Protein chains: 4
Amino acid sequence: MTERSRPLRADAARNRARVLQVAYETFAQEGAAVPIDEIARRAGVGAGTVYRHFPTKESLFQAIVADRMHQVIERALAQAAADPGEGLYAFLFQMAEQGATDLGLTDAVAGVGFDLAEALPDAERKFMDTVADILARSQRAGTVRSDVDAADIKTLIVGLQAMRRFRGDSELMHRVYPLIRAGLAVPEPPRSA
Amino acid sequence: MTERSRPLRADAARNRARVLQVAYETFAQEGAAVPIDEIARRAGVGAGTVYRHFPTKESLFQAIVADRMHQVIERALAQAAADPGEGLYAFLFQMAEQGATDLGLTDAVAGVGFDLAEALPDAERKFMDTVADILARSQRAGTVRSDVDAADIKTLIVGLQAMRRFRGDSELMHRVYPLIRAGLAVPEPPRSA
Amino acid sequence: MTERSRPLRADAARNRARVLQVAYETFAQEGAAVPIDEIARRAGVGAGTVYRHFPTKESLFQAIVADRMHQVIERALAQAAADPGEGLYAFLFQMAEQGATDLGLTDAVAGVGFDLAEALPDAERKFMDTVADILARSQRAGTVRSDVDAADIKTLIVGLQAMRRFRGDSELMHRVYPLIRAGLAVPEPPRSA
Amino acid sequence: MTERSRPLRADAARNRARVLQVAYETFAQEGAAVPIDEIARRAGVGAGTVYRHFPTKESLFQAIVADRMHQVIERALAQAAADPGEGLYAFLFQMAEQGATDLGLTDAVAGVGFDLAEALPDAERKFMDTVADILARSQRAGTVRSDVDAADIKTLIVGLQAMRRFRGDSELMHRVYPLIRAGLAVPEPPRSA
DNA sequence: AATGAATGAGCCTTCATTCAT
DNA sequence: AATGAATGAAGGCTCATTCAT
């Protein structure tokens with residue numbers, strides 16, 4: 001996605017990956033207010049090195065989000081292929097789970113303090129395509145009502161992430177998630193006399 | 001709730017109210033990172049005046065949240081009294097609406113960056129009591145399934161606020177809200193043969 | 001000293017005296033960093049009232065020092081009249097005692113952060129005259145060596161105040177004060193063969 | 001005393017030393033109320049640089065005091081070794097001299113606004129040990145009366161510093177210092193008949 | 001390329017002083 | 001005359017970003 005005239009030197013590539021990973025974990029745990037110096041310290045590099053790879057804090061954010069998006073999409077597609085009927089529900093669940101421990105991703109998806117569509121239009125488009133794909137498969141499988149579209153699902157993802165962060169994993173799963181699922185299910189036709 | 005030996009002087013009361021209002025709007029729009037100086041500027045007072053009324057930024061937050069909570073609760077109870085069956089749905093909608101333009105309230109309810117239960121235990125308790133009250137009325141009216149409790153509703157509120165912020169009012173109302181409502185409705189009994 | 005066209009109204013005079021007293025106690029206990037608002041609060045008046053009587057914090061300081069100086073001088077002269085030989089020692093002791101609990105007076109005498117001679121030349125002159133007077137009486141009484149002058153005594157006062165503040169009253173009296181006294185006493189003439 | 005995993009980079013060490021020196025001079029001249037920004041300006045660095053080396057204003061104070069203490073102790077021990085009988089007097093004189101131009105050191109020794117024993121217990125202990133050592137040597141040499149202890153000497157130091165600050169160097173030396181010395185000298189035994 | 005020191009704008013908060021009530 | 005609210009200039013400290021080593 002990011003093009004470079006020359007591939008990174010091996011040690012530079014290692015540093016970049018390490019910073020990305022550490023930054024992801026740190027922001028996820030502590031929020032976006034963590035100083036870059038702290039990221040550098042945890043990654044075992046100098047602050048200058050972080051800035052060499054990511055010229056602003058914002059760009060580090062972007063890189064993290066792009067990275068996560070990529071992973072999320074891969075996994076979702078795999079699940080949908082394996083079980084189309086459950087695909088959408090599995091995806092929703094997975095996104096809630098991710099988002100709960102991943103403030104950056106959540107906010108990126110929700111567009112809070114970070115405009116995904118503007119910052120990473122490719123990632124945004126690919127994400128929406130994936131949602132549409134998975135949704136269509138589940139609808140064809142008859143497990144999701146047909147008057148729901150990809151934008152609705154994205155909205156639910158945003159909501160579920162917030163809920164998941166607010167309430168514990170297990171409680172969300174057992175108490176709220178079923179409500180959402182019931183809402184998405186194909187409604188019973190009115191009982192005929 | 002806050003007691004003062006003597007009521008504030010007229011000018012002071014005016015300033016206090018003005019700061020509160022401006023701070024509410026500003027935080028809602030810009031988030032909690034806005035400097036106090038900016039609040040003061042918008043309110044047309046000196047920074048010292050803000051600090052006279054609210055000795056820390058945190059306390060200004062608290063005052064805003066307490067104020068909003070109070071209003072929200074009042075309105076919700078009035079609605080529930082007028083139409084018990086619709087009470088819960090009206091409440092959910094109202095909270096989503098409020099929360100969308102009111103980051104402070106949202107975060108306070110969700111416990112993000114502000115521990116409502118700790119900072120304003122009275123407000124928190126009253127809020128939960130109100131939720132339980134409205135829910136019970138709707139359940140008695142037969143419009144909400146009985147295996148849902150106040151904590152579930154609070155979770156949904158958090159989710160709806162996030163969704164509402166993400167998506168426009170009208171779209172949320174027409175596309176996502178019905179799903180939530182369907183999920184909360186009393187399920188059809190399995191069709192007997 | 002300070003002239004006024006009209007004498008203060010009774011209530012104003014009462015307020016002025018009260019502020020002076022409270023400010024003296026507060027500065028003595030807490031140091032000069034105490035805000036004027038705090039003085040006002042303790043005195044039970046508004047901050048504006050303090051400023052009506054003492055147009056700056058500095059001037060409040062001056063008034064306190066002048067007041068204390070006056071009292072110190074009165075008492076010292078009385079003691080010297082009663083017992084000329086002990087007069088100087090009593091005076092030194094008294095000043096150490098005062099100064100220990102009275103940061104303002106100490107610093108004023110020492111000229112630290114407050115130039116007594118410049119701010120209150122009358123008080124300064126009167127103080128030095130008093131020192132000279134008491135010293136002369138003790139020298140005539142034969143209890144103090146004759147090659148010591150008023151400036152030396154003032155220097156010792158400054159030192160004793162610092163020492164007293166550093167060490168407790170009783171320890172200063174029993175361990176260090178005798179050394180000073182021995183130093184001031186008329187030296188033994190060299191033993192003839 | 002302070003250990004660092006790696007020695008500071010040359011430029012950093014230069015800056016640190018420069019800040020320390022400038023801060024010493026500035027605090028000595030102007031007192032502790034000088035803003036850090038002013039120190040930084042005089043040192044020709046940014047405020048952030050001061051804070052990099054000394055994370056709080058307090059810690060800058062401590063570093064200065066520790067530095068001075070170290071020098072004072074070294075010098076005093078050297079003098080005492082060279083001339084035990086004069087050692088204590090030389091020490092007193094030196095401390096008075098230092099303290100007069102060094103509000104930080106004075107206040108640290110006197111415990112005014114800075115609790116040496118708490119902030120730098122090692123320095124405090126070493127200082128007291130040094131005082132005791134020098135005193136003992138002078139007492140053994142017969143130049144100081146035996147009923148004086150290290151705490152008394154410390155008290156005198158506090159007093160002398162205050163006096164020195166109040167009065168010029170030469171005057172203190174010629175007029176007051178002899179009094180103190182006379183007080184410390186071994187008293188003449190009462191003349192036998 | 002990496003390092004980490006330096007920068008400096010900006011934030012929260014305090015407080016001497018002024019001024020409307 | 002008294003009150004206490006308002007002002008606004010600092011001050012200590014943080015941190016994104018730049019730059020010398």
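Note on naming: letters A, B, ... go to the chains in the order of the sequence lines (proteins, then strands), and numbering restarts at 1 for each one. A quick note: this is a predicted structure, and the numbers were derived from the prediction, not measured.
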**OP:** May I have all residue pairs that pass salt bridge (Lys or Arg N to Asp or Glu O under 4.0 Å) and include part of residues 42-52 of chain B, sequence neighbours excluded?
**Re:**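 Every salt bridge (Lys or Arg N to Asp or Glu O under 4.0 Å) pair that includes a residue of residues 42-52 of chain B, provided the two are not neighbours, is B:Glu30-B:Arg42, B:Glu38-B:Arg42.
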**OP:** Taking side-chain hydrogen bond (donor to acceptor under 3.5 Å, both in side chains) as the test, write out the residues that go with C:Asn15, two or more places apart.
**Re:**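 Here no residue qualifies.
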Original post:
Just wondering, do B:Asp37 and B:Val50 contact through their side chains at under 4.5 Å, heavy atoms?
Top reply: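 B:Val50 does not reach B:Asp37 side chain to side chain.
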Original post:
With a 4.5 Å heavy-atom cut-off, do B:Tyr24 and B:Asp67 have their side chains touching?
Top reply: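 B:Tyr24 vs B:Asp67: side chains apart.
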Using whole Å, report how far [atom1] of [X] lies from [atom2] of [N].
{"X": "D:Arg18", "N": "E:dA6", "atom1": "CZ", "atom2": "C1'", "result": "15 Å"}
{"X": "D:Arg41", "N": "F:dA10", "atom1": "CZ", "atom2": "C1'", "result": "15 Å"}
{"X": "B:Phe54", "N": "F:dA5", "atom1": "CZ", "atom2": "P", "result": "13 Å"}
{"X": "A:Ile39", "N": "F:dC15", "atom1": "CD1", "atom2": "P", "result": "12 Å"}
{"X": "D:Phe27", "N": "F:dG12", "atom1": "CZ", "atom2": "C1'", "result": "12 Å"}
{"X": "C:Glu38", "N": "E:dT14", "atom1": "CD", "atom2": "P", "result": "13 Å"}

Do any side-chain nitrogens or oxygens of [X] fall under 4.0 Å of OP1 or OP2 in [N]?
{"X": "A:Asn15", "N": "E:dA1", "result": "no"}
{"X": "C:His53", "N": "F:dA1", "result": "no"}
{"X": "A:Thr49", "N": "E:dT3", "result": "yes"}

Subject >> Aromatic contact, C:Phe61 with C:Phe27 (centres under 6.0 Å) >> reply: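 Yes, ring centres under 6.0 Å apart.
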Subject >> Proximal nucleotide (of E:dA1, F:dT3, E:dA5) relative to the A:Ala12 side chain >> reply: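 In terms of side-chain proximity for A:Ala12, the closest of E:dA1, F:dT3, E:dA5 is E:dA1.
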Original post:
Of all the nucleotides listed (E:dA1, F:dT7, F:dA6), which has the minimum atom distance to the side chain of B:Arg52?
Top reply: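 From the listed options, F:dA6 comes nearest.
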**OP:** Could you pull out all residues at least two apart from D:Ala43 that satisfy side chain to side chain contact (heavy atoms under 4.5 Å, CB included)?
**Re:**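 Counting only residues at least two positions away or on another chain, D:Ala43 forms a side chain to side chain contact (heavy atoms under 4.5 Å, CB included) with D:Arg18, D:Val19, D:Val22, D:Val45.
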Subject >> side chain to side chain contact (heavy atoms under 4.5 Å, CB included) against D:Ala119, all qualifying residues, sequence neighbours excluded >> reply: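 D:Ala119 satisfies side chain to side chain contact (heavy atoms under 4.5 Å, CB included) with D:Gln62, D:Phe114 once adjacent residues are dropped.
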**OP:** Would you mind building the protein contact string for nucleotides 16-21 of chain F? One character per nucleotide, 5' to 3', B for base within reach (heavy atoms under 4.0 Å), S for sugar-phosphate only, - for untouched.
**Re:** SBB--S
Subject >> Base-paired stems that DNA chain E participates in, counting runs of 3 or more Watson-Crick or G-U pairs under 3.5 Å >> reply: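 DNA chain E forms these stems: E:2-21 with F:2-21.
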Original post:
Going by atom types alone, do B:Gln21 and B:Glu25 pair a side-chain donor with an acceptor below 3.5 Å?
Top reply: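 The answer is yes; a qualifying pair exists.
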**OP:** Could you walk me through whether A:Ile36 and A:Phe54 pass side-chain contact (heavy atoms from CB on, under 4.5 Å), step by step?
**Re:** CA-CA 11 Å; A:Ile36 287 288; A:Phe54 309 98; over 6 Å; no
